[in-house]
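So the structure is just underneath, and the comments pick up after that.
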Amino acid sequence: MLYVEEHQALRVHAVDAAAAAEGLVPGQALADARALVPHLVTAPADLAGDAEDLARIVDWSRRYSPLVAGDGADGTLIDLTGAAHLVGGEEVVLTDIVERLGRARLDARAAIADTAAQAWAWARFAGGGSVAAGAGIGAFAALPVAALRLPVALVAGLQQLGLRRIGDVSPLPRAPLVRRFGRDIAAALDALAGRQATPVTFQAAAQAWYRRASLVEPIATAEAIETALRALLEPLCAELGAAGRGARTLELTLFRVDATTQRVAIGTSRPLTDVAALLRLFRDRIAEIDPGFGIEAMLLEAPETDRVSPAQADLAGGRDASSDLADLIDRIDIRSGPGSVRRLLPADRHWPEAAAVEVPASLPSLAAGTWSLPVPRPVVLFERPEPIAAEARGSALRAFTWRGVRHELHRVIGPERVEPEWGWDTPERTRDYYRVEDAEGRRFWLFVTADGETLAWFLHGLMA
């Protein structure tokens, strides 16, 4: 038996079959439980661990449907609408869930009904099974009022009035019930009767593009996983290609025989429907999978897709060079982590340090603006401008010294004035930029700004 501390008191949290046979129930004071059963074996409940285990079971439940959710501290909801026939039908699903969890040493009761409220009540208070489609509240008349999922105090109030079964409450006039017990009881009766929907927040939205497979025998080797993955990729890529789309991200969920899951994902720098290319990206991820005692089902999803541009060959009839670059970026990202390869995209700013933003190379080009430069800019921009000693005759810049080396200038173009950006955290002083070339043909990007009554010169970048 497990116990928890509630309001500075120890109470029974969960009981096994032996403790239940002794008359112990959750919520009972631990002192009373020990008085009834002196030889009682107790342990503190691990609520955080229970929540983690439930989350794993919820995730595992996606083998039956893409729409799953946790239900309280001890339940899982699976929306089988439109999915039951893919896994053998409702009765098969019901039996399969209980048997598979049982093999993982987890006692479970499962129910299938038209609504979440009906399934919750039937699983917990009727032992599980199927509720006939279209069943009204009369099918639940023999269940205790606790099956209405009402607060404990409200259930106790109903029982004190002799209303112990749902059949005792449902025929009563609503108005007196609501005046005495509040609107919760009316809402609970409507939910159980199927007249009011129960809000459910699913773990993730169902993906439009996915393929699933139940394996005849559990598999455990990388070669077998890759073969099964290919069998999922081929129809999925064919479906995407027919719609003119390609995968940008793919997630592979593997359901193990111990009712746990493994998940691996890949991302691409361009929309892909090439099965061989996608398999190459998955190959390193497959090596990370722990199959445990075997994998018995797989789910492949494409959460992100994009329009595919028609492939264009080069003059020699080979692949476009941009495709080779995209493949290289994808392989590096898979091995070194997402976003390892980065590039610069233009930002809607004119201040040099803020005119570009660094993003993952796999980000679609349409996600940012286009380069539009009225004048040339340096190919290397220093993170911080470096001070230089400038030599001028009158207003003409003749030479400068940077890092101890003097550069005699043969060409100077400028100035180009850059004003501070209003509303942004930029320096308040105006800059005048110059593009210069020294005697050896090296080109630099300099600027001068007023520092009080003196001028301060800086080198900000290297020109091509």
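For clarity, every value in this text was computed on a predicted model and none was experimentally measured.
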Q: In plain terms, say whether R63 and E296 are close enough for a salt bridge, that is, a side-chain N and a carboxylate O under 4.0 Å apart.
A: yes
Q) Just by modelled atom types, is the R62 backbone N or O under 3.5 Å from a matching donor or acceptor in the R212 side chain? A) yes
Q: Scan side-chain atoms only and decide if R263 and T253 contain a donor-acceptor pair under the 3.5 Å cut-off.
A: yes
Q: May I ask you to decide whether R283 forms a salt bridge with E226, counting only side-chain N to carboxylate O separations under 4.0 Å?
A: yes
**Q.** Backbone of A187 reached by a side-chain donor or acceptor of D190 within 3.5 Å
**A.** no
Q: Verify, without hydrogens or angle tests, whether T95 (side chain) and E91 (backbone) share a donor-acceptor contact under 3.5 angstrom.
A: yes
Q. Just by modelled atom types, is the V37 backbone N or O under 3.5 Å from a matching donor or acceptor in the E22 side chain?
A. no
Q. Which atom pair, heavy atoms only, marks the closest approach of W60 to T261?
A. CA-CG2, 3.4 Å
(Q) Donor-acceptor pair, distance only, cut-off 3.5 Å: does the side chain of R245 make one with the backbone of T305? (A) yes
Q) Salt bridge check: are D258 and R103 linked by an N-O gap of less than 4.0 Å? A) no
(Q) If you compare all heavy atoms of G246 against all heavy atoms of L240, which two are closest, and at what distance to 0.1 Å? (A) C-CD1, 4.4 Å
**Q.** Heavy-atom check, side chain of M1 versus side chain of V41, under 4.5 Å
**A.** no
Q: Taking all non-hydrogen atoms of both residues into account, name the closest pair between T268 and R270 and its distance.
A: OG1-O, 2.7 Å
Q: Please tell me if the side chains of W120 and F125 come closer than 4.5 Å, counting only heavy atoms from C-beta onward.
A: yes
Q. Where do A111 and A123 come nearest, in terms of heavy atoms and distance?
A. CB-N, 3.6 Å
Q.
Taking the side chain as everything from C-beta on, heavy atoms only, tell me whether P44 gets closer than 4.5 Å to V4.
A. no
(Q) Could you report the tightest heavy-atom contact between M298 and F255, atom names first, then the distance? (A) N-CD1, 4.1 Å
Q. Which atom names give the shortest non-hydrogen contact between A33 and Q28, and what distance separates them?
A. CB-OE1, 4.3 Å
Q: For the residue pair R211 and E239, establish whether any side-chain heavy-atom pair is separated by less than 4.5 Å.
A: yes
**Q.** Basic-acidic side-chain contact under 4.0 Å: R124, D74
**A.** yes
